[in-house]
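For ligands, and for the atoms within them, numbers begin at 1 and follow the listed sequence. Everything numeric in this text was worked out from a predicted model, so none of it was measured.
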Amino acid sequence: MSYTLTDEQLMIQAMVREFSRKVVAPEASERDQNKTFPADILKKMGELGFMGMMIPPEYNGEGADTISYALALSEIAYSCASTAVVMSVHNSIVCESLYHFGSEDLKQRCLKPLAAGKFIGAFALTEPHAGSDPVAQTTTAVKDGNSYIINGAKRFISTGKNSGLVLVTAKTNEALRHKGISVFVVPRKTPGMVIGRLEDKMGLRASDTTDLLFEDCRIPAENLVGQEGDGFKIVMKGLDSGRIGIAAQSIGVAQAALDAAVKYAKERDQFGQKISKFQGLRWIIADMATEIEAARQLMLSAAAMKDRGERYTAQASMAKLFASEMVNRITGKALQIHGGYGFTKDYPVERYYRDARVFTIYEGTSEIQRIVISDHVLKDKRSS
Ligand code: CAA
């Protein structure tokens, strides 16, 4: 790897790699087939500090930088993308948003147990009719004395069922559009928050994705994150960080697919020799390795900008766009190299192929990333 990593970053990467290969990988395929949530593994990850990686120790985190976090997330994704998405949403969008915008009370009550991995955090922005365009959401939060009452429906919520706390966006002032959206902490089992339909997905089958319904869900006013109207910016900043995480997940799955393809190509004989000896296949492997490395450099560069305190919105979108499209190409090629066996559940490559498909969709589709990047490059905000 050409990017200069510090001894500490390399040590974290090596530690997570060992854990991932020993603990996360062995039953990843069974969990995928049976849709088993990796609860025990996530508990261990919490104990090892993987669930509050970028949060300072005073709030039970590890105080690691974004580069270390991205490397760690890639290692988990290498073995199990379902486990990685839970780690990703929890660390970046939930913990970081609470750390940067939450009151001291919310940090003590909510961030500390989250960062210690006592329970998992989820993030509820998307609605049945508001995906790419969060301003179109219709969930409302109305102030009532020292409470807010939330009503509405959220869709495609990662870890909706298995989380202990959800960061929920809702409109506190319809007329103000972007500036009328707020973010609230809703602990699990709050009366009025109901777990709805569980999606039956093509990939990431060991992670749950659910509807969340809010029916006169009353929460204390202190559960507002930041100020009323801060919600859109809190979410966008959380997604900036989250998008580095999706790049990391993409790179982990792509590396696993390449490694599986190389292993298979060195074992498989056709026409009297290992298929790895055919130049046509060697060139495909060369292209796969090059694309993964390019994505890795983009991810590390965006993470380094974040760690230096620079604005990194466009670079996070570039890393997410390139890495998520790259992994779809890589897993397709890895499956092709496996021939008919790649189409069966005897080899992990079909799981990689299915898991990768959502990476160009969640935390902003490729089309949304292109909007963010082109706005940055052209510096002339669309006029609509
Ligand atoms: N950081 C800080 N502020 C930002 C920002 C950012 N990254 N992006 C926008 N803003 C600010 C703007 O500066 C602007 O501020 P002012 O009003 O003060 O000028 C305000 O927010 C509005 O910005 P835009 O006009 O650019 O907003 P828009 O409505 O045109 O939308 C968008 C921009 C980039 C398309 C945005 O809507 C977007 O990212 N959409 C995709 C949503 C998304 O990613 N959803 C994924 C769901 S979550 C998920 O998938 C999690 C999971 O389960 C895995």
Side-chain angles (χ1 to χ4, degrees), residues 73 77 81-94 96-97 100-101 120-137 139 154-163 166-169 171 173 176-181 183 199 201 203-204 207-212 226-227 229-250 302 305-306 310-321 324 355 357-376 378-384:
L73 187 54
S82 293
T83 306
V85 67
V86 180
M87 175 179 171
S88 176
V89 173
H90 174 101
N91 269 278
S92 55
I93 307 187
V94 179
E96 280 200 300
S97 297
H100 291 299
F101 299 99
I120 297 162
F123 166 62
L125 169 72
T126 300
E127 299 188 358
H129 303 289
S132 292
D133 180 12
V135 180
Q137 67 186 273
T139 296
K154 298 290 179 180
R155 175 146 296 169
F156 300 142
I157 306 309
S158 301
T159 332
K161 183 173 158 220
N162 286 293
S163 51
V166 189
L167 281 192
V168 179
T169 65
K171 284 198 164 155
N173 188 328
L176 293 179
R177 293 183 51 74
H178 297 91
K179 292 187 169 61
I181 295 172
V183 176
E199 299 295 344
K201 298 170 296 181
L204 300 186
S207 96
D208 60 287
T209 304
T210 71
D211 279 2
L212 283 179
Q227 304 296 315
D230 285 351
F232 191 79
K233 285 196 181 171
I234 294 173
V235 164
M236 286 300 128
K237 285 185 185 247
L239 284 168
D240 284 350
S241 176
R243 287 166 184 166
I244 294 177
I246 308 304
Q249 290 173 53
S250 303
M305 286 179 78
K306 176 167 178 270
E310 296 166 19
R311 179 87 192 258
Y312 65 98
T313 299
Q315 283 72 18
S317 283
M318 288 177 190
K320 199 266 184 193
L321 172 64
S324 63
D355 284 345
R357 189 60 195 88
V358 76
F359 297 161
T360 62
I361 297 170
Y362 66 19
E363 298 210 15
T365 61
S366 288
E367 293 69 32
I368 288 294
Q369 308 313 325
R370 290 186 173 98
I371 290 176
V372 174
I373 298 162
S374 57
D375 282 351
H376 174 82
L378 294 161
K379 295 184 178 24
D380 63 343
K381 183 77 177 93
R382 291 155 286 127
S383 55
S384 63

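Among protein heavy atoms, atom 31 (O) of ligand 1 sits closest to Phe232 CZ, 3.9 Å. The protein heavy-atom contact nearest to atom 7 (N) of ligand 1 is Asp240 OD2, 3.0 Å. Protein heavy atom in closest approach to atom 47 (C) of ligand 1: Thr126 OG1, 3.3 Å. The shortest contact between atom 37 (O) of ligand 1 and any protein heavy atom is with Pro134 CD, 3.3 Å.
Using modelled atom types, one side-chain atom of Ser374 and one backbone atom of Ile371 make a donor-acceptor pair closer than 3.5 Å.
Residue Arg243 has at least one N or O atom closer than 3.5 Å to an N or O atom of ligand 1. The shortest N or O to N or O distance between Ser158 and ligand 1 is under 3.5 Å. Residue Lys179 has at least one nitrogen or oxygen atom sitting less than 3.5 Å from a nitrogen or oxygen atom of ligand 1, judged on distance alone. Among the atoms of Ile93, none of the N or O lies under 3.5 angstrom from an N or O of ligand 1.
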> Lys154 and Glu127: salt bridge (Lys or Arg N to Asp or Glu O under 4.0 Å), yes or no, with the steps?
Replying inline: CA-CA 4 Å; Lys154 298 290 179 180; Glu127 299 188 358; 2.9 Å; yes

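Within a 4.0 Å radius of atom 13 (O) of ligand 1, the protein has no heavy atom. For atom 26 (O) of ligand 1, a protein heavy-atom neighbour is present inside the 4.0 Å cut-off. For atom 43 (C) of ligand 1, a protein non-hydrogen atom is found at a distance below 4.0 Å.
Looking only at side-chain heavy atoms (C-beta outward), Val85 and Tyr362 come within less than 4.5 Å of each other.
Counting heavy atoms closer than 4.0 Å to ligand 1, residue Lys233 contributes side-chain atoms (C-beta onward) but none from N, CA, C or O.
Pairing each heavy atom of Arg243 with each of Ala316, the nearest pair is CB-O, 4.0 Å.
The closest non-hydrogen atom to atom 4 (C) of ligand 1, taken over Glu367, Lys320, Met236, comes from Met236.
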